Undergrad: 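Take this structure first; my questions come after.
Note that the structure is a prediction, hence the values are computed from the model and not measured. Quick note: numbers below take in every heavy atom, side chains included, and nothing from hydrogens, waters or symmetry partners. Quick note on labels: first sequence line is chain A, next is B, and so on, each numbered from 1.
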Amino acid sequence: MFDWFEWEFTLSLLTNGVLIGLMYALIALGFVLVYKATDAINFAQGEFVMLAAFFGAVMLLSAGAPFWVAVLVTLAGMIAFGFGLERVVLRPLIGRPIVSVIMATIGLAAVLRGVAPLVFGAETRSIVMPVEDAPIIWGPLFISPIQLIGAGVAVMFLAAFTWFFLKSRMGIAMRAVADNQQVAMAMGINVERYFALAWAMAGVVSALGGIVWGSLLGVDVHLALIGLKVFPVVILGGLDSIVGAIVGGLIIGIVENIAAGYLDPVVGGGTKDFAPYVLMIIALMVRPYGIFGKRQIERV
Amino acid sequence: MTRPSGAVAGEGVVQLAVENVGKSFGGVRAVEDVSCVAEKGKVLSIIGPNGAGKTSLLNMISGFYKPDHGRITLDGRDITSYAPNRVAALGIARTFQNIALFRGMTVLDNLMLGRHVRMRYGVLSAFLYWGRAQREEVEHRERVEDIIEFLKLQDLRKQPTGALAYGLQKRVELGRALALDPQVLLLDEPMGGMNQEEKEDMARYILDVSEERGTTIILIEHDMGVVMDISDRVVVLDRGRRIAEGTPDEVQRDPEVIKAYLGAQKAA
């Protein structure tokens with residue numbers, strides 16, 4: 001009856017989907033961090049990842065640095081970028097309508113996409129991780145070591161940031177800033193410092209995301225397109241929820257792999273690229289604040 | 001210490017002084033040339049009909065509005081142009097007219113946020129957590145426990161504040177302001193929307209804070225009975241101007257005040 005359904009094939013699609021999904025979640029995390037603290041939607045998240053990947057690739061290829069040095073430099077570079085961006089571009093916009101911040105990030109995205117090839121060159125570079133290329137074979141499954149590392153890094157950071165927001169004093173203060181800036185100020189909280197911290201944390205996540213995604217896809221301007229995947233992930237999971245980023249990432253990862261595995265042969269390909277957005281539109285109709293998002297209750 | 005011109009008060013030590021302060025919003029004069037002083041450890045009430053400029057005055061003290069002219073001093077230090085977080089760090093805490101708790105968080109988290117300004121450890125030690133940061137955390141937690149006990153919030157520590165009854169939320173907000181260890185406490189209608197019993201409880205807490213901690217209190221309140229009971233001095237505002245200042249007895253007999261209140265009642 002179900003002769004089109006193959007257990008082993010499905011299992012490998014699922015595994016692949018979970019690993020890729022966690023890597024999406026890592027990037028979505030950068031987006032969620034900024035949204036949680038500042039209420040701003042960062043349309044340049046994909047470009048952050050691209051920039052980080054360029055840093056990493058240049059360090060490895062042109063400077064010939066060891067892998068861990070390249071990672072550290074990328075991290076430092078992206079933290080500095082996050083702080084600098086907040087200080088120069090975003091701080092002057094504090095108190096303006098949120099749409100100004102959104103427009104600023106859209107502009108920033110275009111600038112980064114335009115300037116990166118000028119500075120780093122237009123050719124596609126590679127980031128080579130110091131691991132075996134050959135897939136790990138585990139029963140019927142072929143697992144890419146790069147994806148495994150990417151998923152591992154994602155899980156580590158998702159856990160760390162969950163702890164940060166739930167238990168640490170700074171994380172709780174950051175939630176307070178997100179909840180109500182004025183009241184946070186009346187508590188003596190330096191709101192601007194927390195905004196800067198949120199952007200720096202987005203820089204950290206982008207640095208790691210840039211290295212794992214860069215080693216998977218290669219490093220050029222097109223890497224920024226990964227940022228577009230963030231939107232279905234966070235719309236599904238909830239803009240302000242770390243757990244939502246994980247679950248949204250997993251759902252998108254699994255759905256696009258299953259779709260590619262089963263629908264591509266029928267329709268001739270390309271389902272991977274639009275399946276997440278179909279899901280996003282359905283999510284917007286059914287549950288616009290996401291699975292784990294804060295439901296805003298307006299009293300009129 | 002010299003008293004600011006126009007400010008009148010009793011014989012105590014001036015802790016917070018508002019000197020000839022004015023603020024307009026797009027041509028509307030919210031506060032006009034108002035002066036008043038809050039004496040150390042005393043309760044100063046600001047009363048007046050709706051739209052008299054009471055909350056605007058409080059917002060200028062806590063740094064949310066910058067006055068167009070005049071100045072505000074704390075222990076003689078000019079704080080007129082300080083940002084709200086600096087004002088808070090100097091020891092001026094406040095509550096808000098509409099409850100402004102962090103709703104998704106527990107009572108304990110809200111109170112601990114009040115301690116934020118007194119915490120010293122930074123990003124790195126916070127991430128490392130152990131050691132100094134750990135000891136500090138314990139100290140602050142003890143301080144918060146004192147407040148929880150004082151306000152009888154023991155059973156509510158882990159409750160999300162959004163789920164609490166209105167009167168309790170007001171009490172938690174008072175607790176959060178107390179967690180800053182303030183020298184001056186600004187209370188914007190702490191009894192608004194409460195029933196008589198809750199009002200009496202809140203009045204008791206305010207007096208206890210004043211007497212036991214020696215905290216200077218500036219209170220905005222509509223309930224005249226409460227104001228006359230617990231205030232040492234009263235300032236009356238009407239349409240942005242100060243129309244009277246004195247002890248509760250003096251203010252109650254003031255013809256200007258009677259006129260403003262009767263006028264307001266007729267209009268209402």
Undergrad: Looking only at heavy atoms, which two atoms of B/Phe64 and A/Gln182 are closest? And how far apart?
TA: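 Distance-wise, the nearest heavy atoms are CZ-O, 3.2 Å.
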
Undergrad: Report which part of B/Leu101 has an atom under 4.5 Å of a heavy atom belonging to chain A: side chain, backbone, both, or neither.
TA: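 It is the backbone, since no side chain atom gets that close.
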
Undergrad: Of the backbone (N, CA, C, O) and the side chain (C-beta and beyond), which part of B/Leu180 lies under 4.5 Å from a heavy atom of chain A, both, or neither?
TA: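 Side chain of B/Leu180 only, per the 4.5 Å heavy-atom cut-off to chain A.
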
Undergrad: Check the pair B/Asn85, A/Asn190 against side chain to side chain contact (heavy atoms under 4.5 Å, CB included), reporting the backbone distance first and the verdict last.
TA: CA-CA 6 Å; B/Asn85 53 306; A/Asn190 186 339; 3.7 Å; yes

Undergrad: Between B/His116 and A/Tyr194, what is the shortest heavy-atom contact and its length?
TA: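 Looking at all heavy atoms of both residues, the closest pair is CE1-OH, 2.9 Å.
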
Undergrad: Given that the side chain runs from C-beta out, which part of B/Phe96 has a heavy atom under 4.5 Å from chain A: side chain, backbone, both or neither?
TA: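 For B/Phe96, the side chain is the part near chain A, not the backbone.
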
Undergrad: Sub-3.5 Å donor-acceptor pair from the side chain of A/Asp179 to the main-chain atoms of B/Arg103, do we have one?
TA: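 Confirmed, A/Asp179 side chain pairs with B/Arg103 backbone.
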
Undergrad: Might you point out which heavy atoms bring B/Arg176 and A/Val183 nearest each other, and give the distance in Å?
TA: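 Taking B/Arg176 first and A/Val183 second, the nearest heavy atoms are NH2-CG1, 3.3 Å.
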
Undergrad: In Å and rounded to the nearest 0.5 Å, what is the OG1 to CD1 distance from B/Thr106 to A/Ile172?
TA: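 Here the rounded value is 7.5 Å.
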
Undergrad: Got a list of side-chain donor-acceptor pairs under 3.5 Å for residues 74-99 of chain A, not counting sequence neighbours?
TA:
from: A/Thr74; atom 1: OG1; to: A/Ala70; atom 2: O; distance (Å): 2.6
from: A/Glu86; atom 1: OE1; to: A/Arg91; atom 2: NE; distance (Å): 3.4
from: A/Glu86; atom 1: OE1; to: A/Arg91; atom 2: NH2; distance (Å): 3.0

Undergrad: Check B/Leu113 against A/Ala176 and note the closest heavy-atom contact, atom names and distance.
TA: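 In terms of heavy atoms, the two residues are closest at CD1-CB, 3.6 Å.
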
Undergrad: Around atom CD of B/Gln154, are there more than 12 heavy atoms of other residues, nucleotides or ligands at under 6.0 Å?
TA: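 Atom CD in B/Gln154 is packed in, count exceeds 12.
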
Undergrad: Identify which of B/Ala100, B/Ala177, B/Ala89, B/Ala179 forms the greatest number of heavy-atom pairs closer than 4.5 Å to chain A.
TA: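 Most pairs with chain A among the choices: B/Ala100.
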
Undergrad: Given B/Met112 and A/Arg169, is the side chain to side chain contact (heavy atoms under 4.5 Å, CB included) satisfied, shown in steps?
TA: CA-CA 8 Å; B/Met112 283 301 277; A/Arg169 144 181 107 86; over 6 Å; no

Undergrad: Compare every heavy atom of B/Arg94 with every heavy atom of A/Ala186, then report the nearest pair and how far apart it is.
TA: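 The pair with the smallest heavy-atom distance is CB-CG, 4.1 Å.
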
